[in-house]
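Keep in mind it's a predicted model, so treat the numbers as computed, not measured. First listed ligand is number 1; within each ligand, the first listed atom is number 1. Counting begins at 1 with the first residue of the sequence.
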Amino acid sequence: MEKIIINGQKTLTGTIEISGAKNSAVALIPASILSDEEVIISNVPNITDREALNEILEYLGAEVSFDKGEMKINTKKISNKEIPEEISKKLRASYYFMGALLSKFKKVKMFFPGGCNIGSRPINLHLKGFELLGAKVIQEKNLYIIEADELKGANIYLDIPSVGATVNLMLAASKAQGTTIIENAAKEPEIVNVAIFLNNMGAKIVGAGTSEIKITGVEKLGKCYHEVIPDRIEAGTYLIAGALCGKELVIKNVIPEHLDALISKLKETGTKISIENTQITISKPEKFLPIYIKTLGYPGFPTDLQQPLSTLLTQCEGTSMIEETIWEKRFQNLDYLKKMGANIEYEGNKAIIKGKTELNGSEVEATDLRGGACMVLAGLIAKDKTVINNVDHILRGYDHIIEKLKNVGAEIKAE
Ligand code: EPU
């Protein structure tokens, strides 16, 4: 698929069911390497990032199957091979094989990971943590050789509460000797989901979801059955769609408290939202009030919803502002919103959006995964036809996006 074509200004009504969280699944799949027996992971989203991780596991010699969201993984016979760069650079989460293979084999050779072009994305905190656990890190251009005679528990303070470093260090420490404490850990729900998975396999991790995680190393991890939590970013994207053009649009299978920051901001714009257990109903309000958002680690406003929300800010009556504090290049989508008619100025990590402006269907680019979601939302409210190029970015993280939107009344197709 190369393009998504949308004929905008249709009302969305009905139910959208949310899939499993991408950023949880992409950590759970590499984490399965730590088990000496088969693990089963359910509610795995059908996205291309999952396919890339599947490819890596099979390359290493694992037995993998994927059927209706259930992934069975047996890594008993895997060998510790260098993962070819053309596979590892397909996605960011390939870096979780560093922690997982280091834990299993005490040695890993891996290339710098890929992922969206949204900033410099260093992995220094992951490497520093591995070193504190007793590993030696050698860098040859973009290849990393990480090796340890033995991994030993340590106190690790993260300069930044990095999601990736927190997960990678939980993986590396799960079978290390003694106790590891990760301080200033990231608190995202996906980290809790990974810690529960590891604990189900026999690990001893406490404190995930707080800024201090304690891991007591164990010798062996075994089989388990585990479910991926609902994708709060996918749910947030469809909530924004509901605010923009929904009439009692129901977003089903969500954990509402994972969306507190977005819901509170949507309410500030004047959007009416009703929450009942695991579903949220949302409709377009008569008008939107302008808002200020600043992206932060969980439970702050998620950077991954900043780009989708920018479409809504073009519809607010007055001046809205975005301050992006996580990724320095996460405004590329704004140029395309401007092409569609938005009034936006941005510099450094701040953007000012003045509204309300009509958006006109245009030919635009999915600059990255969430930038692509921003364009889909813009296409849904724009006059006439919007053509989005480079949609592979979108398919990396949104399970059946076209079908889900079509089912609730959008005129959207792939070409
Ligand atoms: N950072 C460092 N050094 C490191 C690691 C991170 O300086 O060693 C910095 C980053 O440059 C960034 C900040 O710390 O400024 C936070 O980065 P983090 O490590 O938390 O991000 P990540 O693990 O690479 C994950 C998600 C991203 C999401 C961020 C923040 C996955 C696979 N990716 O990335 O998701 O934006 O956390 O929540 O879990 C997306 O889904 O579209 C996406 C980009």
Side-chain ion pair, [X] and [Y], N-O less than 4.0 Å:
| X | Y | result |
| --- | --- | --- |
| Asp36 | Lys220 | yes |
| Arg396 | Asp49 | yes |
| Glu411 | Lys406 | no |

Just to be sure I read this right, does ligand 1 sit under 4.0 Å from the backbone of [X], its side chain, both, or neither, counting only heavy atoms?
| X | value |
| --- | --- |
| Tyr298 | neither |
| Leu125 | both |
| Ile118 | side chain |
| Thr303 | side chain |
| Lys22 | side chain |

Just jot down the ligand 1 atoms closer than 4.0 angstrom to any heavy atom of [X], in number order.
| X | result |
| --- | --- |
| Arg121 | 24 (O), 34 (O), 44 (C) |
| Arg92 | 24 (O) |
| Leu369 | 42 (O) |

Close approach, [X] and ligand 1, non-hydrogen under 4.0 angstrom:
| X | result |
| --- | --- |
| Arg330 | yes |
| Pro122 | yes |
| Tyr95 | yes |

Study note, to complete from the structure: side chain to side chain donor-acceptor pair (under 3.5 Å) test vs Gln307 passes for just one of Asp368, Thr237, Thr367, namely Asp368
Practice item. Determine the interplanar angle of the Tyr398 and Tyr238 rings, folded into 0 to 90°, and report it as parallel if under 30°, tilted if 30 to 60°, perpendicular if over 60°. Key: perpendicular
Practice item. Answer yes or no for Lys356 and Phe288: cation-pi contact, defined as NZ/CZ to six-membered ring centre under 6.0 Å and angle to ring axis within 45°. Key: no
